[in-house]
Structure formats: structure tokens, C-alpha cells
Engineer: 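This is the structure I have questions about; it appears just below.
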There are 2 protein chains.
Amino acid sequence: MPEREQLNDWDHNGGMYNGADPQDEHRMKMRGKILRRSASFNVAHAVDDLEPGTGAQSIQRALSLLNLVGLIAGERGSGASLSEIASISGRPKASVHRMLQALIAMGYVERFEEGGYRLGVQSQILGQLAQKSVDPLVTESESSLLRLAELSQDTAFLTMRTGSYSICARREEGFGEILNNALSVGDRHPLGIGAGSLAILSELSPAEVDAQFDANAQLFTERYPKVSVTALRDIIDRARVDGFVHNPGLFAQGSWAVGVPLKIRGSRPRAALSIASIAERVTGPRVERLVALLRHEAKAIGEALSTQAEP
Amino acid sequence: MPEREQLNDWDHNGGMYNGADPQDEHRMKMRGKILRRSASFNVAHAVDDLEPGTGAQSIQRALSLLNLVGLIAGERGSGASLSEIASISGRPKASVHRMLQALIAMGYVERFEEGGYRLGVQSQILGQLAQKSVDPLVTESESSLLRLAELSQDTAFLTMRTGSYSICARREEGFGEILNNALSVGDRHPLGIGAGSLAILSELSPAEVDAQFDANAQLFTERYPKVSVTALRDIIDRARVDGFVHNPGLFAQGSWAVGVPLKIRGSRPRAALSIASIAERVTGPRVERLVALLRHEAKAIGEALSTQAEP
DNA sequence: TGAGCCGATCCATGATGTGGAACAGGACTC
DNA sequence: GAGTCCTGTTCCACATCATGGATCGGCTCA
């Protein structure tokens, strides 16, 4: 933990955020103020409404809020205050308060005496239930990520697909002196942003890749205007041949990474392993070493899960 | 896992359910049809709205639904169908569908090709975030529960308080031939129902206990009409002296249990350990042995968490 | 004393979620 | 192949419900 602190003065923006969205102006202002770590940027994003007009606005808002509380409280040790949550989410305090009360009533959020809001027991339990029912991928990859982090001395990630998004499902840190902090557990980006995300795309058919990029076209131009979609397509094409993705700091300044897709027999591609670090550690011969590590673990996970196939 | 099956024909109702609530009639009818294990009964309960009129109806409904999906999908291996969920929750299909779509859009629920609805990656992640932010109690007690289950050859539980409810936060099974199936992870009951729940109450002041029973008075008469509150008060009073709760099958027929509160310095009492089994295994000298085991683990957990007190 | 923050509460407004009804598409049966 | 009985999905008029600006009480600090 203490090692983290020395990285606090990184360029958090990292060239990744260039929001033209007027809605985000307020959030941007709050960003530096509230959370010092780079995740603040991701936190802000995690709270957006997805597709509107589906007749479930309040649910989406409430779940975004739940996510947000988890991210904030997870990043720091303490809980999140009402005003913070309201500021970051960009909603009025009264609304946030009402929603939080509902979340508390359901046990998904808790608040110890005068402390901040944090996730509650129900959230914990939901995770346990999810482990049983969703798929054993996250559990299965746990030891792999630990090995990857230890052997590489960098940060290892499990990325999973949800619809047209990818989400950082797990993250393990090595004990190196440099810590890549561009991606935290729970961060969600449109498919194509991040090495793991690209690795997943490389396993989809070209038509599907097009469909994903089309679906997120607006998001891309609004939120990642500096990212060239054609460059991403190139990376994907190369990954189809090479079997791995190499991201030379495309998304966050100085954050380089390699990723490989997880191939599980009988299951659509929807997960990837990746390792991220600084440029110097993801170049030249080290790329091959990292890829070898990743491939080895990806193969192990793939085999473990393919055998116990769905009934 | 296969050992479980041989117990499927237990008396699921177990004398626990005596619902006079007219709203529940439909659910009762569905119960045996849909889920065979006793948890079906608890599933049905988990879906109730809590306090209405707080201006967050849809959130509560959506979260109940989320919980329900998790419980159903967790109980069996497969996912839950829309119609099932609609039937159990007692809401029209259209509404359930709309909510599920919202939950899917947010990644909390997933649905693989034509399969049923199950919890999604976001739920998984929420659990991870919760482990970091909520409190280390669940993680810390994991090994204790495993030891308890192994040493007792019965089923060990971690019960936690949420508001005026207690919830089964974790559960580990021994390899004995009899499996107590009256309580599953995620099951929620009003405080006072269950040995662990009573153990938590025994650490509260009499005034607080009264307040809790008052708060849940309606629930008790509606849902546990056979349970005498004065009997519960007696158990609590005895537990204050003895330091443990003994439940002689009060709630579910044949499900006896012992429980001890978890005392953590600097934290309000809100958790308990318990072991449940059949009557023959929770009587006479064995009670003391079980209590000794529980006390030992409770002490260990308490010390582990008291040292790393909140900042 | 009062400015500034915190979380909590009120309540008129209309946007929003609601759910009955109708639909499409399989899987079986007669 | 017309029948029933399941799925999951879409539509849309209705009014319930969430909304959020304004206000308040409590606390800390200058």
C-alpha cells in the first residue's frame, strides 16, 4: 500500500480524458479535488447512464450509484460522503440521498456511525452468489493472476466482456517499484479500450468487431477522441496473427501493456489476461517473455474450464 | 455435491412457513413446483419490499429481483427463466422483463445464449469491492468456518446484521451424512430468527432488543406465527449469562443449532458464528463441545479484527 | 457570530415506470 | 397442420412514482 502513494503525482489525465461532453464539466472539476488516484477518472465514467429511454432510468441510476460507492470506498479505505457521491455522479444531493437510503434499506450499502457510505453485506453476498452462478472464470484465474504479477513484477489483469463494454474483473499487483494504476477493478470501458479488451475483440469475427465499434462510435468520439479506431483495428488484425495484443501506451500516457485472449471451449470469447507497466518494461525482448507467461496461464485456465464444461 | 441430492425429499416447509399473508398465496403455490431445495422458501421471502413509500420503490424492486436471480441461479446450477422469476416475485412478466433488461444493461445480470438469467460480472465485482470496503469480517471468518465445519462435521454459519434483519453471510458444510439445509447464503430473516441472529441480539442492550422486536412485530406475526417472542426473549436472556445460544429446533423442524456472538473491540455487535445440525447432534455433551469450538474461533476472529481497528 | 460544510427533509411537478394485453416463435400433442 | 402451452418480447395509455430545488438543523472552524 505505501508504495502506491509515491505515484500520486502522476499525470492522472494521462491523455485519456478529453471529454467534450458538457455534462462532464462538473465532474472534471471535482476530479482532482476528491480522489487523488487515477481511478477517480474511471469512477466518474462508471456512473454514466447507458442507453436511455428503456424505461428503467432509476434502476440504472441506482446501480451506477452502487457501483460508484463501491469504487470510491474501495479506492481509499474509508467510506464515501453523500456530497462527494452527489458531486461525482452529477446528481442533486436529495436524489442521491433518497437512492442511498433505498440501497441501505436493502442492505447493499451501509453506513457506520457517522462514517461514510460503503458497500453493505448484501453486496458481499451478491458477489458470493455470483461466483456460484456466473462462471468460475474469475475464481479460476485468481492464482494465475498472482503468478503473473509475481513473475512479471508488474500488474496483471483479468478483463471480461459485458455487452459492448469490457470491465476489469480482477487485478493483482507485483512488488515492483512502479505500479500501473491506469485500471482498477470495476473500471468499465467500451470494448477496444485496453489491451485485454482488444484481445477479446481479436477473438471475435470481423463483422462482430465492426458491430462493437459501431455501437460505441459515439462514446469513442466523445470520450476518447485521441484514440484512432483504425489504429485499434490494426492492433486487432495483428493480434489475430500473433495471438497477442501489444498496446504501446495508446490509452493512458506511459501505460503500456500486453494481453492475450482466454479461449474456453464451448464458450464465446469474453475474457482476456493482460499485464501492464511502463514503456521501458513492455518493449523489446520483454514483450515476448510477458506474452509467454500470459500464454501459459491462459492455456491453463482454458483447459481447467473446458473440461468442466456447461451441462 | 452429490451428497446433497439424497436430502432433497426433506420436509421443505419445516414448520417454518405459516404465511397468513394473502400476497404470498401465489408464491406458496409456485414453491414446490420450481425449487426443490428448502431455500425456495427463503428465496420467496427475499423478494419482499421493505418499507414502502420512501420514494424508491423501483430500486427496491430491482434489487430484490437481483437478489432473487442470484439465489435461484445459485441454488441450482443453471439460470432462472423469466417466467419463474416473475412467478416467484409475484410481479407481471412485462415489469420483470424491463427490470432484467436494465440489470443486464448494467452488467449485473447476464444471459448466455438462450440460457436462463444469472448474475453477471458486475455482481461479481461488486462483491470484490465489498470485501475491500465493507469490513474484513467475512474474509477473516472464512478459515474459521472451514475449521468449524470440518471439526463438527455439521454446517457452520456466519450471520451478520443489516438493520433489523440478519443475513446468512457465509456457510461451510462438513462432510457428515446429514446436511442442515435450512439456511443458505443470502437468506435474510428478521433479527431473532436463527441461532446466530439470537446471538447477535444477546449482545445488544435490552432496550435495543425490544426496539428490534417492535420493529419486526408485524413480520413476526405474519410470517412466523408459531414462533413465540417470549421464548426468544428467554433464549436471549439465557445467552447473556451463558455466552451462547441454543436453539432446539424452534424455527425449522429438526434444525437445531448453537451460536455465539462475535465480539470485536471498537465495533458494534453485528455478527455471530453458529453450527446447525439435527437434534441428536445438538444435545447433551455435544452442545458444550460445539460451543467450545465456536468460542475458540470467535475469539480468534475477534482478536484478529480488534488489532487492526478502524482508523 | 457567521460562514461553510455536512446530511436530512419537504413537497409541487411532470417525467417516469407500470402492467395488462397482444405478439412472435418454438416444442409437443392430437 | 391446426391445436394447445410453453417460452421471451413489444406496445402504449395511464397515474403512480421518482425528481430535485429549496429549506432546515447540526457541526466545525475562523
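It should be emphasised that the depicted structure is a prediction, and the values quoted were computed from it without experimental measurement. The chains referred to below are lettered A, B, ... by the order of the sequence lines, with proteins before strands, and numbering in each begins at 1.
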Engineer: Do B:S89 and B:L65 have side-chain heavy atoms sitting under 4.5 Å apart?
Structural biologist: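 Side-chain contact under 4.5 Å: yes.
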
Engineer: How about B:L63 and A:L63: do any of their side-chain heavy atoms sit closer than 4.5 Å?
Structural biologist: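 The answer is yes, as the side chains (C-beta and beyond) meet within the 4.5 Å cut-off.
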
Engineer: Find the distance A:M99:CE to C:dA8:C1' and express it as a whole number of Å.
Structural biologist: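 Atom CE in A:M99 sits about 17 Å away from atom C1' in C:dA8.
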
Engineer: Going by distance alone, is a donor N or O of one side chain under 3.5 Å from an acceptor N or O of the other, for A:S58 and B:S58?
Structural biologist: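 A pair is found: one side chain offers a donor N or O, the other an acceptor, under 3.5 Å apart.
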
Engineer: Give the rounded distance in Å between these two atoms: CZ of B:R91 and C1' of C:dG20.
Structural biologist: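 The answer, rounded to whole Å, is 14 Å.
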
Engineer: Name the nucleic acid region contacted by A:S95, choosing base, sugar-phosphate or nothing; use a 4.0 angstrom heavy-atom cut-off, strictly under.
Structural biologist: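 The answer is base, as A:S95 lies within the cut-off (heavy atoms under 4.0 Å) of a base atom.
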
Engineer: Provide, to the nearest angstrom, the distance between the CD atom belonging to B:Q57 and the P atom belonging to D:dA15.
Structural biologist: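 Those two atoms, CD and P, are 16 Å apart.
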
Engineer: Rounded to whole Å, how long is the line connecting atom CD of B:Q60 with atom C1' of C:dT18?
Structural biologist: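 One finds 16 Å between C1' of C:dT18 and CD of B:Q60, rounded.
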
Engineer: Is the closest basic N to carboxylate O distance between B:E208 and B:R268 below 4.0 Å?
Structural biologist: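 Yes, B:E208 and B:R268 are salt-bridged.
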
Engineer: Side-chain N or O of A:S58 versus OP1/OP2 of C:dG17: is the shortest distance under 4.0 Å?
Structural biologist: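 For A:S58, the contact criterion (side-chain N or O under 4.0 Å from OP1 or OP2 of C:dG17) is met.
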
Engineer: Could you go through B:K93 and B:S83, starting from their C-alpha distance and side-chain angles, then the distance that decides it, and tell me whether this counts as side chain to side chain contact (heavy atoms under 4.5 Å, CB included)?
Structural biologist: CA-CA 7 Å; B:K93 269 199 303 179; B:S83 311; 4.1 Å; yes

Engineer: Please produce a list of atom pairs where a protein N or O lies less than 3.5 Å from an N or O of nucleotides 9-11 of chain D.
Structural biologist:
| residue | atom | partner | partner atom | Å |
| --- | --- | --- | --- | --- |
| D:dT9 | OP1 | B:R111 | NH2 | 3.4 |
| D:dT9 | OP2 | B:H97 | NE2 | 2.9 |
| D:dT9 | OP2 | B:Y117 | OH | 3.0 |
| D:dT9 | O5' | B:H97 | NE2 | 3.2 |

Engineer: Rounded to whole angstrom units, what separation is found between the CZ atom of B:R61 and the C1' atom of D:dC17?
Structural biologist: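 Atom CZ in B:R61 sits about 10 Å away from atom C1' in D:dC17.
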
Engineer: Over how many whole Å does the gap from A:L100 atom CG to C:dC6 atom C1' extend?
Structural biologist: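 Atom CG in A:L100 sits about 14 Å away from atom C1' in C:dC6.
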
Engineer: Could you walk me through whether B:I104 and B:Y117 satisfy the side chain to side chain contact (heavy atoms under 4.5 Å, CB included) test, starting with their C-alpha distance in whole Å, then the side-chain angles of each, then the deciding distance to 0.1 Å, before giving a yes or no?
Structural biologist: CA-CA 9 Å; B:I104 288 174; B:Y117 296 87; 3.7 Å; yes

